[in-house]
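Just the heavy atoms: all of them, side chains too, but no hydrogens, waters or symmetry mates, feed the values below.
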Amino acid sequence: MNLVKQQMPTGELTLKVDEARFPLDWLIGFAARANAKRGFLFLSKVLGKHWPVTPRAMQAIHDDLAAQIPPSLPGPVVFIAMAETAVGLGQGVFEAWLRANPGSSCKALFLHSSRYRVGTVPFFEFEESHSHAPRQFLHLSDAASALFSTARSLVLIDDEASTGNTFANLVQVCRARYPQLEKLHLGVITNFMGQAANAGLSERFGLPTTIGAALSGHYAFQAGAAPAPVAASAQRFEANAERGASPAFGRIGVGRALAPPQGLAVQLAQEIGAGDSVLVLGTGEFMHPSFLLARELEALGKNVVVQSTTRSPILSWGSVGHIVHCDDNYGEGIANYLYNVAPGQYQHVFICHETPASPALMQLAGQLNGRLFHFQSETKIEEIPVC
């Protein structure tokens, strides 16, 4: 059993590792949150959110978590990924599971939660209580609603589980709407709920429950005498506001793997010199298409990493070095950040976004000397001139 102690600006974190399929320091670092509810962060190095990571490493995690899903889960199976951090992870795990179970595509559904409303698409809501943006929405197209109403198994994906409270909130809502659900599986990169909590999951959720993780253990956090800084709210929800949140990539449900942007990758690869470094950058909840583009570029022999902007306020300490402050391209006026990337660090920066061109995106591209690519659908991708 490995024991780690971290003295942070916000308190002391003690972590014990019970089981690890990958090395601890390859999977995570440690950071301090600007959040009085939770002053620490297990910062994933394989998620593609707060730390630049190769597509190959991300794919290894997707494949590993997919392989831990019990093959006996009865179908149809609904996968749900948690916004914003785990959107890309969940879709990657879903697609890895489809590859491993090629006959299941007609009996599977992927959804990711969102903090934005999507037009008039029906939705239901649950809470992520420790977050700076606690309201989460799940949208269901007619086709997604029809499959969910017959689903027998639920797979929930997040980057980390520490208390399981967000999972519990979502499961309660899902079971109330879909009482036919029979089994539950939780997939996380790091599971820090502890052995006793893991043993009691089925009783807690009211369904036979399994859990798969790349690393498992438990932790304790003693807040410091000085409280964690209080960052501004990261959610300013307006019921009728259109934020450019696309229905095309999994937000309202998708039953297949997304088509990778091979044509764009081939075009961009011709412009990348030997040895040039490349960052493919997602924006907010729009993460998986940036991974797919980066994976295609990597397959073409390019030196590429993938990451995303975020609304999560993190202090400059530990595994968080340089911080780029950027405006909110979804138009809520929320502070956004890019961690561990310095302007000029990469020869090429390709910024992938679902929202229309905006001053916020122009600002981000200007800071990073990047190029903007508006993904309007899987096949319609437009480069936006940076002015």
Problem set entry | Reference residue N191; test side-chain hydrogen bond (donor to acceptor under 3.5 Å, both in side chains); the match among N198, D158, D18 | N198
Taking [X] for its side chain and [Y] for its backbone only, find out whether a donor-acceptor pair lies under 3.5 Å.
| X | Y | value |
| --- | --- | --- |
| T209 | L207 | yes |
| Q367 | H325 | yes |
| N336 | D327 | no |

Are [X] and [Y] close enough that their ring centres sit under 6.0 Å apart?
| X | Y | answer |
| --- | --- | --- |
| F249 | F286 | yes |
| F205 | F167 | no |
| H62 | F291 | yes |
| F42 | F192 | yes |
| F40 | F221 | yes |

For this session: Using the side-chain contact (heavy atoms from CB on, under 4.5 Å) rule, take T85 and L47 through it: C-alpha gap first, then chi angles, then the decisive distance, then the call.
Result: CA-CA 8 Å; T85 306; L47 182 66; 3.0 Å; yes
For the atom pair [atom1] ([X]) and [atom2] ([Y]), what is the distance rounded to the nearest 0.5 Å?
| X | Y | atom1 | atom2 | value |
| --- | --- | --- | --- | --- |
| L41 | S319 | CG | OG | 9.0 Å |
| N303 | L279 | CG | CG | 11.0 Å |
| K183 | L154 | NZ | CG | 13.5 Å |
| S246 | F375 | OG | CZ | 11.5 Å |

Is any NZ, NE, NH1 or NH2 atom of the basic residue among [X] and [Y] found under 4.0 Å from an Asp or Glu carboxylate oxygen of the other?
| X | Y | value |
| --- | --- | --- |
| E285 | R243 | no |
| D328 | R311 | no |
| R251 | E354 | yes |
| R371 | E271 | yes |
| R117 | E242 | no |
| K302 | D276 | no |

Exercise. Are E298 and R56 close enough, and set up right, to give a salt bridge (Lys or Arg N to Asp or Glu O under 4.0 Å), and what steps lead you there?
Worked result: CA-CA 8 Å; E298 187 178 60; R56 186 180 299 109; 3.7 Å; yes
Assess, by modelled atom type and distance only, whether the side chains of [X] and [Y] contain a donor and an acceptor separated by less than 3.5 Å.
| X | Y | result |
| --- | --- | --- |
| N329 | T355 | yes |
| R295 | Q59 | yes |
| Q347 | S277 | yes |
| S162 | R38 | yes |
| S308 | K49 | yes |

Shortest non-hydrogen contact from [X] to [Y]?
| X | Y | answer |
| --- | --- | --- |
| S290 | V280 | O-CG1, 3.3 Å |
| V304 | P55 | O-CD, 3.5 Å |
| S312 | Y339 | O-OH, 2.5 Å |
| P52 | V305 | CB-CG2, 3.8 Å |
| N340 | G321 | OD1-N, 2.7 Å |
| V87 | F110 | O-CZ, 4.0 Å |

Exercise. What do the steps show when you test E382 against Q376 for side-chain contact (heavy atoms from CB on, under 4.5 Å), and what is the final call?
Worked result: CA-CA 8 Å; E382 177 186 6; Q376 299 173 52; 3.1 Å; yes
For this session: Just say parallel, tilted or perpendicular for the rings of W97 and F94, cut-offs at 30° and 60°.
Result: parallel
For this session: Count the heavy atoms belonging to other residues, nucleotides or ligands that lie under 6.0 Å from CD of Q180, then report whether that count exceeds 12.
Result: yes
Problem set entry | Neighbour count above 12 (heavy atom, 6.0 Å) for Q345 CD | yes
For this session: Take V320 and H50 through the side-chain contact (heavy atoms from CB on, under 4.5 Å) test and state the conclusion after the steps.
Result: CA-CA 8 Å; V320 171; H50 307 116; 5.8 Å; no
Exercise. Looking at L111, L147, V121, I252, which hits side chain to side chain contact (heavy atoms under 4.5 Å, CB included) with L140?
Worked result: L111
For this session: Could you check Y178 against F148 for ring-ring contact (aromatic ring centres under 6.0 Å, His included), going step by step and ending with a plain yes or no?
Result: CA-CA 7 Å; Y178 305 107; F148 211 150; 4.1 Å; yes
For this session: Answer whether the closest heavy-atom distance between the side chains of V341 and H322 falls below 4.5 Å.
Result: no
Exercise. So do E332 and Y116 actually touch side chain to side chain, heavy atoms under 4.5 Å?
Worked result: yes
For this session: Report the C-alpha separation of T14 and E12 in whole Å, then their side-chain angles, then the decisive distance to 0.1 Å, and conclude whether the side-chain contact (heavy atoms from CB on, under 4.5 Å) test is met.
Result: CA-CA 7 Å; T14 302; E12 184 179 72; 4.3 Å; yes
